[in-house]
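The structure appears right after this line, and notes come after that.
Only this structure's heavy atoms are used, side chains among them; waters, hydrogens and symmetry mates stay out. Sequence positions, counted from 1, serve as the residue numbers for this chain.
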Amino acid sequence: MNEYSEKAQQLGAQLTLDEKLSLLTGKNFWVTQPFPRLGVSSMEVADGPYGLRKQVGISDHMGWNKSQPAVAYVSGPGMASSWDKDLIREAGRHLGVEAKAAGVDILLGPAINIVRTPLCGRNFEYYSEDPRLTGEMAAAYIKGVQSTGVGTCIKHFAANNQEKDREYIDAVMDERTLREIYLAAFERPIKEAKPWSVMTALNKVNGDYCSENRTLLQDILRDEWGYEGFVMSDWNGVNDRAKALAAGLDLEMPCSHGVGEERIRQGLAEGTVTEEEVDESCRRILCAVLQSEANRDPDATWNEPAHHDFVRQLAEQCVILLKNEGNILPLSAGTKIAVLGEFATEPRFQMDGSALVNPTRHDVPLEKIKEKAGGQVLYGKGCSRDPEEQAALLAEAERLAAEAEVALVFAGLPAGVEAEGKDRKDMKIPAYHDALIRRVLAAQKNTVVVLCNGSPVEMPWEKDAAAIVECFLGGQALGGALANILYGEVNPSGKLPVTFPKALENNPAYLNYPGQGGRVEYQEGVFVGYRYYDVKHIDPLFCFGHGLSYTTFGYGDLTLSAEHMGDNDTLTARVTVTNTGSRAGAEVVQLYVAAPKGAVLRPEKELRGFEKVFLQPGESKTVEFTLTRRDFAYYDMELGEWYAPEGEYKVLAASSSRDVRCEAPVQYHPARIKRREITGWSTIGELRACQAGQEMYGQIRSILKASGNPRVLELPLFDESEQAKERVNDLPLRMVTLLSDNILNNDIMDRLIAECNQKALQTV
């Protein structure tokens, strides 16, 4: 129980019913209701997943009105590209320091919804397509922020994976998909990092709005995960206030101007809401208010230059080198270069909507490149939305590229193309950016394309580019970070947190997005991102976990602490990584688990751990991972729990999802063996999958053999060839009865089946 719980309960008991109801909704856009007579102050919240957005004038939740100046940090997928938990925790700490100095009690972040489709307009806030990477990054961020005494509000719970129709769309999926992908991203940070608050999504999940979804808010979040903080709505995200309170929503935001209070009062009168539920929600909110009061520091300050410098260091670890043919990068000082594109002087470095920051400053890439170049730097804007101006700019860009030894083209997605409340229509970059890249590539073979975008884009010119650098949205110090990477002062070490498909049509959600009739069905199930591309054997443009370096890394053998494992055991995996190149650099070691084929279709492999290691040339380090039952399990909807079937699993150490360096097997032995009940239409193969079934199969053969019937003895059941065994495995038991000339009649078969199922009961 929260250390402030007893005092919160005492304060709540002193509130009148009117005061309690007013506490359950915001006082205004950003603060909760105070009670001066009891010494209870307001609690202030502010947007700030990747930079503080504190508004003091006209307020909004879409980024329309300006906020106080603050440092713009790297975007969500950008941070996840670092794959560095310690670094992200430090980023969270820096954000917490700024929030504390601004008098903010809770940062509304991190935003951690899964990147289901590249088109979601808010992907620039979301870490990854993978729940393990997402959960680890979120936990680190939350721990960092809350180490400063500022709370966090993890969002949007749950399945807010598109902006189109986000206010009412019903995300329909089976429980396995919900548990393994969309809730798993929240489960780890909520259990490990304990955010002060959880924000509900606007959408529905399986028929109920998230703000009034008791399965999500009470059964799973509180009862199963043990969450003790308070739950708040997204702004204007409450449909039925009384139903939401009964389901577990504590705080409605922003101010409802008395409407929410009246609906709860009506619910109390009708019996759909209880006073105990009101009291419990008040207690949870007051716990956070008391914690905020205890942690405030009116003298708190922060150092803007130091924070700007940190964002540069952060961006340096997040930028991804996707391609580097002929080692064209890093550039040598003195090389004559042409820098082309509007983003070279007006970079897209931050997000939109509620994540839009009023930056304290920003580095201009062209200026930072000139500081490093040492030689001649040519510049051309290269593109324009105006067709007439575009023609002249393209001609100039072609000339400058031809004059230079290397061309740097800055392109990507301009502001407004991806935004809160608006999904993209396709994966293409603007035509005028694409035209610039193609024109420069035709004039200069040594062309480096630098991309700034919130989520994956198509690259029809990828094969012709010598190098490609992906920045996502790299924060206000991106210009300096890029210059350091391009000229080799920093060795790139970012890795993709999402798959870049070759075309939108390859995306697993392509046929089931954006939905229709107010419903979007997640028919791809658990096969999101690399899980889908793997099982479909589709080569992406750039795979999940991919990222190059200016050095190389070698992997030793993967060793496991045991050859066998059970439900209550842990397994330690160790692999030694060596920097085999001539530069210091960092490698992200990714650990995947591949399950054996069975009755349940599972991904070919799933990420189960990762570590970033920094190595000097020739240096080696051993990376260690600990695996538990959950790392081998899927969510079994029949059992209603996580279940790891028996069989041989493979543990894989990889540099990316498509670059497995070494593997080791482990035999898994669950405490219970789940057996499907045998029926007359079960196949011989299903029958022989368990010990009791193997015994029954032996009885069948014995009965038929004892008959002495020559025709029956010629059945494939008695043929020991591999081809015959395969045919037999697909044969239903009822067909055996039919083929046996009634020697094995239905009565005998039914008796054998009943005995078999009875023997298997003790193993589930």
Side-chain angles (χ1 to χ4, degrees), residues 51 71-75 78 81 124 308-324 328-333 335-351 357 359-384 393 396-397 400-401 404-415 429-430 432-433 436-437 440 444 446-454 457 465-492 494:
V71 171
Y73 285 72
V74 177
S75 66
S81 297
F124 49 54
H308 180 83
D309 188 58
F310 171 77
V311 172
R312 176 186 55 75
Q313 297 172 47
L314 173 64
E316 288 170 352
Q317 299 303 315
C318 299
V319 169
I320 307 164
L321 181 60
L322 293 177
K323 183 179 180 182
N324 192 24
I328 188 174
L329 294 177
L331 299 171
S332 299
T335 301
K336 185 177 181 181
I337 63 171
V339 179
L340 307 164
E342 60 182 348
F343 284 1
T345 55
E346 299 175 11
R348 172 130 192 263
F349 60 85
Q350 68 155 322
M351 292 148 282
V357 177
T360 56
R361 51 174 151 156
H362 71 269
D363 292 347
V364 177
L366 178 62
E367 294 177 0
K368 295 299 180 180
I369 288 170
K370 284 181 176 179
E371 292 175 9
K372 306 289 181 186
Q376 188 175 1
V377 178
L378 310 173
Y379 171 69
K381 182 179 178 183
C383 55
S384 171
L393 291 174
E396 179 192 37
L400 294 174
E405 297 174 77
V406 175
L408 300 178
V409 183
F410 284 76
L413 296 176
I429 63 174
Y432 58 95
H433 278 204
L436 171 62
I437 294 171
V440 172
Q444 176 56 260
N446 295 323
T447 295
V448 179
V449 179
V450 180
L451 293 171
C452 296
N453 41 282
V457 295
I468 303 172
V469 177
E470 174 60 62
C471 303
F472 286 110
L473 305 179
Q476 67 180 50
L478 173 63
L482 256 177
N484 288 342
I485 287 172
L486 292 173
Y487 281 91
E489 292 184 16
V490 171
N491 193 345

Taking [X] for its side chain and [Y] for its backbone only, find out whether a donor-acceptor pair lies under 3.5 Å.
| X | Y | answer |
| --- | --- | --- |
| Gln444 | Ala401 | yes |
| Glu396 | Gly380 | no |
| Gln376 | Lys336 | no |

Any chance you could measure [X], atom [atom1], to [Y], atom [atom2], to the nearest 0.5 Å?
| X | Y | atom1 | atom2 | result |
| --- | --- | --- | --- | --- |
| Leu482 | Leu408 | CG | CG | 9.5 Å |
| Cys452 | Phe410 | SG | CZ | 7.0 Å |
| Tyr379 | Thr345 | OH | OG1 | 3.5 Å |
| Glu342 | Ser384 | CD | OG | 8.0 Å |
| Gln350 | Tyr73 | CD | OH | 13.0 Å |
| Gln313 | Asn484 | CD | CG | 10.0 Å |

Mind running side-chain contact (heavy atoms from CB on, under 4.5 Å) on Val319 and Val490 for me, showing each step along the way?
CA-CA 10 Å; Val319 169; Val490 171; over 6 Å; no
Got a sec, which residues hit ring pair (Phe, Tyr, Trp, His ring centres under 6.0 Å) with Phe310, two or more places apart in sequence or on another chain?
His94
Under the side chain to side chain contact (heavy atoms under 4.5 Å, CB included) test, which residues partner Ala467, sequence neighbours left out?
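In terms of side chain to side chain contact (heavy atoms under 4.5 Å, CB included), with neighbours along the sequence ignored, Ala467 is linked to Asn324, Ile328, Leu329, Val448.
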To check you understand the geometry: which heavy-atom pair defines the closest contact between [X] and [Y], and what is its length?
| X | Y | value |
| --- | --- | --- |
| Thr447 | Val440 | OG1-CG1, 3.7 Å |
| Phe472 | Ser75 | CB-OG, 3.9 Å |
| Gly454 | Leu413 | N-CD1, 4.5 Å |
| His433 | Phe343 | CE1-CZ, 3.8 Å |
| Ala315 | Ala481 | CB-CB, 3.7 Å |
| Leu393 | Gly382 | CB-C, 3.7 Å |

Within a 6.0 Å radius of atom CD on Glu405, are there more than 12 heavy atoms belonging to other residues, nucleotides or ligands?
yes
By salt bridge (Lys or Arg N to Asp or Glu O under 4.0 Å) - contacts of [X] (at least two apart):
| X | answer |
| --- | --- |
| Lys323 | Glu462 |
| Lys381 | none |
| Glu489 | Lys372 |

If we only count heavy atoms from C-beta on, is the [X] to [Y] side-chain gap below 4.5 Å?
| X | Y | value |
| --- | --- | --- |
| Val377 | Leu366 | yes |
| Ile369 | Ile337 | yes |
| Leu478 | Leu473 | no |
| His308 | Asp363 | yes |

Passing option when Ile468 is tested against Leu321, Ile320, Leu322 for side chain to side chain contact (heavy atoms under 4.5 Å, CB included)
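When Leu321, Ile320, Leu322 are each tested with Ile468, the side chain to side chain contact (heavy atoms under 4.5 Å, CB included) holds only for Leu322.
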Quick test of your reading: applying salt bridge (charged side-chain N to carboxylate O under 4.0 Å, His left out), list the pairs with at least one residue in residues 311-321, sequence neighbours left out, ordered by first then second residue.
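Non-adjacent pairs meeting salt bridge (charged side-chain N to carboxylate O under 4.0 Å, His left out): Asp309-Arg312, Arg312-Glu316.
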